[in-house]
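Working notes, structure below.
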Amino acid sequence: MENGTKGKLTVSSSLQVEQPLAPSKLWKIIVVASIAAGVQFGWALQLSLLTPYVQLLGIPHRFASFIWLCGPISGMIVQPVVGYYSDNCSSRFGRRRPFIAAGAALVTIAVFLIGFAADLGHASGDPLGKGSKPRAIAVFVVGFWILDVANNMLQGPCRALLADLSGGKSGRMRTANAFFSFFMAVGNILGYAAGSYSHLFKVFPFSKTNACDIYCANLKSCFFIAIFLLLSLTTIALTLVRENELPEKEEQEIDEKLAGAGKSKVPFFGEIFGALKDLPRPMWILLLVTCLNWIAWFPFFLYDTDWMAKEVFGGQVGDARLYDLGVRAGALGLLLQSVVLGFMSLGVEFLGKKIGGAKRLWGILNFVLAICLALTILITKMAEKSRQHDATGTLMGPTPGVKIGALLLFAALGIPLAVTFSIPFALASIFSSNAGSGQGLSLGVLNLAIVVPQMLVSLVGGPWDDLFGGGNLPGFVVGAVAAAASGVLALTMLPSPPADAKPAVAMGGFH
């Protein structure tokens, strides 16, 4: 061990856990973490259905990734701003709860706009049938932008509230983030199950209209369920869980900060620049590893079902048969991935201790991610080689072996995904606690390492794929290289979290 000085942390070689959480604390953490199921249900619909949907609205593949720019841009601004203000909020309803409630309300509005984009576009003058629908695209983009703003308003304060409820103990933070990751898996399972079911619109028969075909009606029906689930879970959590009361000294510090904020139009930017300026070395390394990790993940998140529909099934956009079957199969693969993610989330702490630490587990599983992304090339080549036509010359779907291989690949990716959804956030909470900084702002800074790669991939992903023929494999190859680089840095440079029992640190800070 090395003694802590300002900006440095005492580092432990393995994960260590303090006394178990009392039931009175544990149930609060579980209830708050359950909000992730509602948020992720909507995200699952986005990731599995929306990239094919925007192409059906008339946006070509090379530009489809540009639509996703709104998410990273809003996240880069909203997450740290909300983190800062939630750290310093003095509302009688609590620091985090007002932001969580506002985020849930905005999600409802956004989901309505996305689900009814085709109907609103047609009512405004878009033609029926195939072809570009500019008004529907405009409504969709506005709804998508609001949705990403709302998700950032929800997830940041939720994770910060979990850190507050954990009382600054790193083992408890890892447990809280593991529950958060588990409920994200639950939301994924429900969302991908809904997305893979092609007759859900029959539950809501009014969803199918002249402007909204069966695919669109299924998407709309899924979003109805998403609204109900999120509002129910958020209401339960905000009703049952009260935030811990702040010590008098911390309340006074917040009052002083807010009083000083009145002299500045945008007090946040001073805080975020100060956070980056005074960032301790472990946090800088964490940001770099996280950045590479998301360069690896985001191409697959954008085009996973599109890859299944095009490269594996051999379909084309607008093909109501093979392409749609491929999208549904991709949603099934994402469902399997979420099942693995759920079980893996509950085992992250155990595996970390067995393997020798959080950073070692993250590093190893980044190499697993790299291998899986590289295997998309093999599966694609096998699918192309085994293409078959029926007696009428119509192209048939992939052979059972190819389809099973693709589904197993989706499932295997749930293992590294569980670590991506838990360990970086837990480490950020631990490092920031030991540096004396606010949880909301620190997680907002970490979010920059997530959204900046997303912006990069959104800008260059489509044109990069188009440069090599318009498929999805070029982006996946870049992702594999980034995942391997992330694994190397995690194993060689990222510090292990400090021991909970004796965090010998000097209280520096981001601020």
Side-chain angles (χ1 to χ4, degrees), residues 15 29-30 32-44 46-48 71-72 75 79 151-152 154-163 166 173-192 286-287 289-298 300-301 304 334-352 358-359 361-366 368-369 372 410-430 439 442-444 446-447 449-451 453-454 479 483 486-487 490 494 497:
L15 289 170
I29 285 175
I30 292 174
V32 172
S34 70
I35 296 175
V39 175
Q40 203 64 24
F41 186 97
W43 269 114
Q46 286 181 257
L47 295 173
S48 61
Q79 181 82 265
N151 279 331
N152 280 293
L154 267 169
Q155 292 197 68
C158 275
R159 287 191 183 273
L161 179 54
L162 289 173
S166 300
M173 289 178 190
R174 289 192 296 269
T175 299
N177 278 284
F179 274 115
F180 195 88
S181 181
F182 170 75
F183 281 109
M184 288 177 77
V186 172
N188 277 335
I189 292 169
L190 297 175
Y192 294 137
L286 176 62
L287 295 183
V289 175
T290 302
C291 181
L292 289 169
N293 191 220
W294 277 91
I295 289 176
W297 275 114
F298 205 57
F300 191 78
F301 284 162
D304 43 20
L334 291 170
L335 189 154
L336 297 175
Q337 179 186 108
S338 300
V339 173
V340 175
L341 169 64
F343 284 107
M344 181 64 188
S345 297
L346 297 179
V348 167
E349 183 77 9
F350 173 78
L351 285 176
K359 73 160 192 173
L361 177 62
W362 194 13
I364 292 172
L365 291 185
N366 273 333
V368 173
L369 171 60
C372 287
F410 273 86
L413 283 168
I415 298 173
L417 190 59
V419 170
T420 297
F421 283 166
S422 58
I423 284 182
F425 298 96
L427 291 179
S429 295
I430 295 165
Q439 291 292 339
S442 300
L443 292 175
L446 178 66
N447 190 63
I450 297 174
V451 299
Q454 290 180 9
S486 180
L494 185 67

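We use all heavy atoms of the structure for the numbers below, so side chains are in, but hydrogens, waters and symmetry mates are not. One-based numbering along the sequence shown. Just so it is clear, the model here is predicted, and its values are computed rather than measured.
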Please name the pair of heavy atoms, one in [X] and one in [Y], separated by the smallest distance, quoted to 0.1 Å.
X: Ala296; Y: Gly479; result: CB-O, 3.1 Å
X: Ser338; Y: Ile189; result: CB-CG1, 3.4 Å
X: Val348; Y: Leu361; result: O-CD2, 3.7 Å
X: Ile423; Y: Ala358; result: CD1-O, 3.6 Å
X: Leu365; Y: Pro416; result: O-CB, 3.4 Å
X: Gly414; Y: Val340; result: C-CG1, 4.0 Å

Student check: side-chain heavy atoms of [X] and [Y] closer than 4.5 Å:
X: Pro424; Y: Trp362; answer: yes
X: Val32; Y: Phe180; answer: no
X: Trp294; Y: Gln454; answer: yes
X: Ser345; Y: Leu341; answer: yes
X: Leu334; Y: Gln337; answer: yes
X: Val368; Y: Cys372; answer: yes
X: Tyr192; Y: Phe41; answer: no
X: Ile30; Y: Phe182; answer: no

| said: Can you list everything that forms a ring pair (Phe, Tyr, Trp, His ring centres under 6.0 Å) with Phe410? Sequence neighbours excluded, please. | reply: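 In terms of ring pair (Phe, Tyr, Trp, His ring centres under 6.0 Å), with neighbours along the sequence ignored, Phe410 is linked to Phe300.
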Gap separating the [atom1] atom of [X] from the [atom2] atom of [Y], nearest 0.5 angstrom:
X: Gln40; Y: Asn151; atom1: CD; atom2: CG; answer: 8.5 Å
X: Leu286; Y: Thr290; atom1: CG; atom2: OG1; answer: 4.0 Å
X: Leu162; Y: Ile35; atom1: CG; atom2: CD1; answer: 8.5 Å

| query | Can any side-chain N or O of Ser486 pair as donor or acceptor with the backbone N or O of Val289 at less than 3.5 Å? | reply | yes
| request: Sequence neighbours left out, what passes side chain to side chain donor-acceptor pair (under 3.5 Å) with Thr420? Give chain and number order. | output: Asn293, Trp297
| Going through the distances and angles, do Leu351 and Met344 end up as a side-chain contact (heavy atoms from CB on, under 4.5 Å)? | CA-CA 9 Å; Leu351 285 176; Met344 181 64 188; 3.3 Å; yes
| field | Evaluation steps, side-chain contact (heavy atoms from CB on, under 4.5 Å), between Leu427 and Leu494 | value | CA-CA 10 Å; Leu427 291 179; Leu494 185 67; 3.9 Å; yes
| Could you go step by step and tell me if Leu335 and Asn188 meet the side-chain contact (heavy atoms from CB on, under 4.5 Å) rule? | CA-CA 7 Å; Leu335 189 154; Asn188 277 335; over 6 Å; no
| field | Verdict with supporting geometry, Phe343 and Ile415, side-chain contact (heavy atoms from CB on, under 4.5 Å) | value | CA-CA 9 Å; Phe343 284 107; Ile415 298 173; over 6 Å; no
